[in-house]
**Student:** 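After the structure tokens below, expect a handful of questions from me.
The first residue in the sequence is number 1, and the count goes up from there.
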Amino acid sequence: MSNVETGNEGAQSPEAAQANGAKARSETPYPYFGLGKAIEIVEAVRRAGGKEAPNADVMRELNLTKAADRLWAYGVPAATYFGLIERIGRGEEGRIRLTELALRIALPGSAEEKRAAKVAAFKAPELYTKLLEKFAGAPVPSKDGLKNI
């Protein structure tokens with residue numbers, strides 16, 4: 001299947017990127033923002049509407065004026081990768097709904113429930129799961145070391 005067929009017109013395989021002198025990128029999807037930023041979005045949805053809120057209201061809670069803001073552009077997809085939100089539509093008509101996992105973080109029954117929910121959310125992105133399996137019981141490399149992996 002070609003890159004055009006998959007919707008990745010500008011994407012290259014890691015091997016092709018290296019052959020062209022570019023840095024190879026992981027083929028495993030991952031969030032560009034961390035779990036902390038994703039939880040900020042969860043809290044904004046909770047403040048804006050409880051379990052579900054319109055995009056505009058969530059943006060207002062985050063003090064954002066445009067959808068191109070980095071927190072919105074990267075934070076919302078990150079919250080999706082962590083399994084914390086579901087998007088219903090896009091743009092002005094769109095809404096964000098909290099998942100059950102997000103509700104266990106935003107409205108926990110106990111501190112232990114909140115901690116367990118955060119651990120589950122952290123394990124949701126495939127790349128993070130792979131790294132946790134690879135380094136289970138072993139020292140985790142530095143940030144630069146992780147970039148090379």
Side-chain angles (χ1 to χ4, degrees), residues 1-53 55 58-59 61-64 66-88 90 94-149:
M1 186 177 295
S2 75
N3 285 334
V4 173
E5 291 173 306
T6 62
N8 296 322
E9 296 88 2
Q12 293 181 332
S13 70
E15 296 80 15
Q18 282 181 327
N20 292 330
K23 185 175 178 182
R25 298 188 70 176
S26 171
E27 290 185 6
T28 305
Y30 59 92
Y32 284 8
F33 273 19
L35 181 58
K37 291 290 185 190
I39 291 173
E40 283 181 37
I41 292 170
V42 167
E43 292 296 334
V45 173
R46 188 189 56 75
R47 289 190 308 268
K51 294 181 181 181
E52 184 177 317
N55 288 349
V58 177
M59 288 179 71
E61 286 294 326
L62 293 167
N63 295 316
L64 304 176
K66 56 187 183 231
D69 184 285
R70 289 180 56 82
L71 179 57
W72 189 260
Y74 295 114
V76 170
T80 302
Y81 274 114
F82 286 114
L84 299 176
I85 65 168
E86 297 171 354
R87 295 184 83 174
I88 305 164
R90 303 258 184 201
R95 301 179 68 74
I96 295 177
R97 178 182 302 143
L98 299 181
T99 64
E100 289 301 315
L101 181 59
L103 291 172
R104 291 196 323 258
I105 291 171
L107 303 167
S110 67
E112 181 55 35
E113 181 183 8
K114 183 173 188 171
R115 183 189 159 297
K118 284 182 176 181
V119 169
F122 185 80
K123 291 179 178 180
E126 181 183 354
L127 178 65
Y128 290 8
T129 299
K130 287 180 178 181
L131 288 171
L132 287 170
E133 289 171 359
K134 182 173 183 155
F135 295 107
V140 176
S142 67
K143 187 175 182 179
D144 288 335
L146 285 172
K147 285 181 185 179
N148 292 332
I149 294 170

**Student:** Supply the atom-to-atom distance Leu62 CG to Asp69 CG, rounded to the nearest 0.5 angstrom.
**Tutor:** 8.5 Å
**Student:** Mind checking side chain to side chain donor-acceptor pair (under 3.5 Å) for Glu113 and listing every partner two or more places apart, or none if nothing turns up?
**Tutor:** none
**Student:** Are the charged groups of Arg104 and Glu100 less than 4.0 angstrom apart, N to O?
**Tutor:** no
**Student:** Please determine whether a side-chain nitrogen of the Lys or Arg among Glu40 and Lys37 lies less than 4.0 Å from a carboxylate oxygen of the Asp or Glu.
**Tutor:** yes
**Student:** Mind checking the CG-CG spacing from Leu132 to Leu127? Nearest 0.5 Å is all I need.
**Tutor:** 9.5 Å
**Student:** On a heavy-atom basis, which atom in Ala38 and which in Ala79 lie closest, and how many Å separate them?
**Tutor:** CB-CA, 3.7 Å
**Student:** Going by ring pair (Phe, Tyr, Trp, His ring centres under 6.0 Å), name the pairs with one or both residues in residues 105-132, residues two or more places apart or in two chains.
**Tutor:** Phe82-Tyr128, Phe122-Tyr128
**Student:** Working to the nearest 0.5 Å, report the span between CG of Leu107 and NZ of Lys51.
**Tutor:** 8.5 Å
**Student:** Can you tell me how far the CE atom of Met59 sits from the CD1 atom of Ile41, to the nearest 0.5 Å?
**Tutor:** 10.5 Å
**Student:** Starting from the C-alpha separation in whole Å, work towards a yes-or-no answer on side-chain contact (heavy atoms from CB on, under 4.5 Å) for Glu52 and Ile88.
**Tutor:** CA-CA 10 Å; Glu52 184 177 317; Ile88 305 164; 3.9 Å; yes
**Student:** Can you list the steps and then say if Leu84 with Leu98 is a side-chain contact (heavy atoms from CB on, under 4.5 Å)?
**Tutor:** CA-CA 6 Å; Leu84 299 176; Leu98 299 181; over 6 Å; no
**Student:** To the nearest 0.5 Å, tell me how far Arg95 CZ sits from Asn55 CG.
**Tutor:** 9.0 Å
**Student:** For Arg47, check side chain to side chain donor-acceptor pair (under 3.5 Å) against everything at least two apart and list the hits.
**Tutor:** Glu61
**Student:** Using a 4.5 Å cut-off on heavy atoms from C-beta on, say whether the side chain of Arg70 contacts that of Tyr32.
**Tutor:** no
**Student:** How close do Glu43 and Ala106 get, counting heavy atoms only, and between which atoms?
**Tutor:** OE2-CA, 3.8 Å
**Student:** Quick one: closest heavy-atom pair of Pro125 and Ala121, and the distance?
**Tutor:** CD-O, 3.4 Å
**Student:** If I compare all heavy atoms of Ala120 with all of Leu101, which pair ends up nearest, and what's the gap?
**Tutor:** CB-CD1, 3.9 Å
**Student:** Search all heavy atoms of Lys118 against all heavy atoms of Ile39 and return the closest pair with its distance.
**Tutor:** CE-CD1, 3.8 Å
**Student:** Count the heavy atoms belonging to other residues, nucleotides or ligands that lie under 6.0 Å from CZ of Arg87, then report whether that count exceeds 12.
**Tutor:** yes
**Student:** Please report the closest heavy-atom contact between Ala124 and Gly83, naming both atoms and the distance.
**Tutor:** CB-N, 4.4 Å
